[in-house]
Structure formats: C-alpha cells, structure tokens
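The basis for the numbers below is simple: all heavy atoms, side chains too, and nothing from hydrogens, waters or symmetry mates.
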Amino acid sequence: MLMDLEPLIVARLAAIPSLLGAYGAAEFAAVSKAGKPSPCAYVLYGGYRPVQVGDDGLAARVEESWMVVLSLKSASPAQGPNPVRAAARPEVAAVLNAFMGWTPDARSYKAFKLAAAPRPEVEAARLLLPVVFTVEHVINVDT
C-alpha cells in the first residue's frame, strides 16, 4: 500500500558502510536534539500522486516520493574551508549508487528514479542534504 517502503529503504541505507546510522521519520523529528553519529541518513515519506486510475476506481498506479536526508558534520579544519561539503561528496555518491535504478523486492514496484529535492540546510559544521527519489507501483483495493 502507501508508505510500505520505509523499512526497506532504511535497511538499504544501513548497508552503506560509510553511514553510521539509518533512521526513519520518527528520529528525524528530533534531529537537532538526537546527537546521532555522523554521517547518517534519515528516510522521510514525501507523499504520492496518482499516475493512472482504473475506470472502476478500484486500482491505481501511483508515484510515491521518498526523501533520504544525509546528516553530515565536521569540525576538522584539515579538510579545507568547508569540511562538511568535502565530506558530502562520497556520501551522496553512495546513496545515489544504492537507490538509482533499484527495484524493491515487493510486488508491482518499478525502479527508483532521482527527483527534484529541496535545498539543503547548511550550518557552520553541519549539513542536512536531501536526496529525493520517486517510485511507481500499483494499488488494488479488496472488494
């Protein structure tokens, strides 16, 4: 149904060796207080849009949006004037490699596609960088 992929996405992020944690939306709500080790990632559901609806209204193809928010911190002056941005490149590459073209092992899901994302939140030693994906699947209601 809708929002079913969160545990699969979190598990896929957890398999990225360089990430020190992968969390769902509940942990993101308290991200400023959480003190989670960095780099880590949070998974947020971005909603859905109907792509096609059957004439009887009992089936629909929908496109869901999922946001992976990378949380990156750095206090190392050895990495140059913007150490957080320097740290972001390999983590973004790892997320893109893990999700672009990935097809979940669940019925009727198509491959993940990269989508437009909101601007990152930048602080002195921290960066919250969103990476957004869409995925289509079919929903059928039981009659």
Original post:
Do E136 and R61 pass the salt bridge (charged side-chain N to carboxylate O under 4.0 Å, His left out) test, and can you show the C-alpha distance, the side-chain angles, and the key distance before you say yes or no?
Top reply: CA-CA 7 Å; E136 288 186 19; R61 186 165 46 100; 2.6 Å; yes

Original post:
Within the distance-only criterion (no hydrogens, no angle test), does the side chain of T134 pair as donor or acceptor with the backbone N or O of E63 below 3.5 angstrom?
Top reply: no

Original post:
Passes ring-ring contact (aromatic ring centres under 6.0 Å, His included), F112 versus W102? Steps please.
Top reply: CA-CA 5 Å; F112 268 52; W102 173 57; 4.9 Å; yes

Original post:
Going by heavy atoms in the side chains, are M67 and F133 under 4.5 Å from each other?
Top reply: no

Original post:
Is it the case that more than 12 heavy atoms not belonging to E6 sit under 6.0 Å from its CD atom?
Top reply: yes

Subject >> Closest non-hydrogen atom pair, S38 against L20 >> reply: O-CD1, 3.0 Å

**OP:** Can you see which heavy atom on P130 is nearest to which on A117, and at what distance?
**Re:** O-CB, 3.7 Å

Subject >> Taking every non-hydrogen atom, the tightest pair across S18 and P39 >> reply: O-CG, 3.4 Å

Original post:
Is the backbone N or O of A41 less than 3.5 Å from a side-chain atom of S71, with the two atoms forming a donor-acceptor pair by type?
Top reply: no

Subject >> Nearest heavy atoms of M1 and N140, plus distance in Å >> reply: CE-O, 4.2 Å

**OP:** Report yes if the side chains of V69 and V131 come closer than 4.5 Å at any heavy-atom pair, otherwise no.
**Re:** no

**OP:** Hey, can you tell me if Y45 and W66 have their rings parallel, tilted or perpendicular (30° and 60° cut-offs)?
**Re:** perpendicular

Original post:
Can you check whether E64's main-chain N or O pairs, donor with acceptor, with R49's side chain at less than 3.5 Å?
Top reply: no

Original post:
Is it true that a side-chain atom of E27 and a backbone atom of A22 form a donor plus acceptor pair closer than 3.5 Å?
Top reply: no

**OP:** Write down the atom of L8, the atom of P104, and the distance for their closest heavy-atom approach.
**Re:** CD1-CB, 4.4 Å

Original post:
Quick one: ring-ring contact (aromatic ring centres under 6.0 Å, His included) partners of Y48, sequence neighbours excluded?
Top reply: none

**OP:** Flag the pair V10 / Y23 as yes when at least one side-chain heavy-atom distance between them is below 4.5 Å, and no otherwise.
**Re:** no

Subject >> Test item: N97 side-chain N/O and A94 main-chain N/O as donor-acceptor pair under 3.5 Å >> reply: no

Subject >> D56 CG: over 12 foreign heavy atoms closer than 6.0 Å >> reply: yes

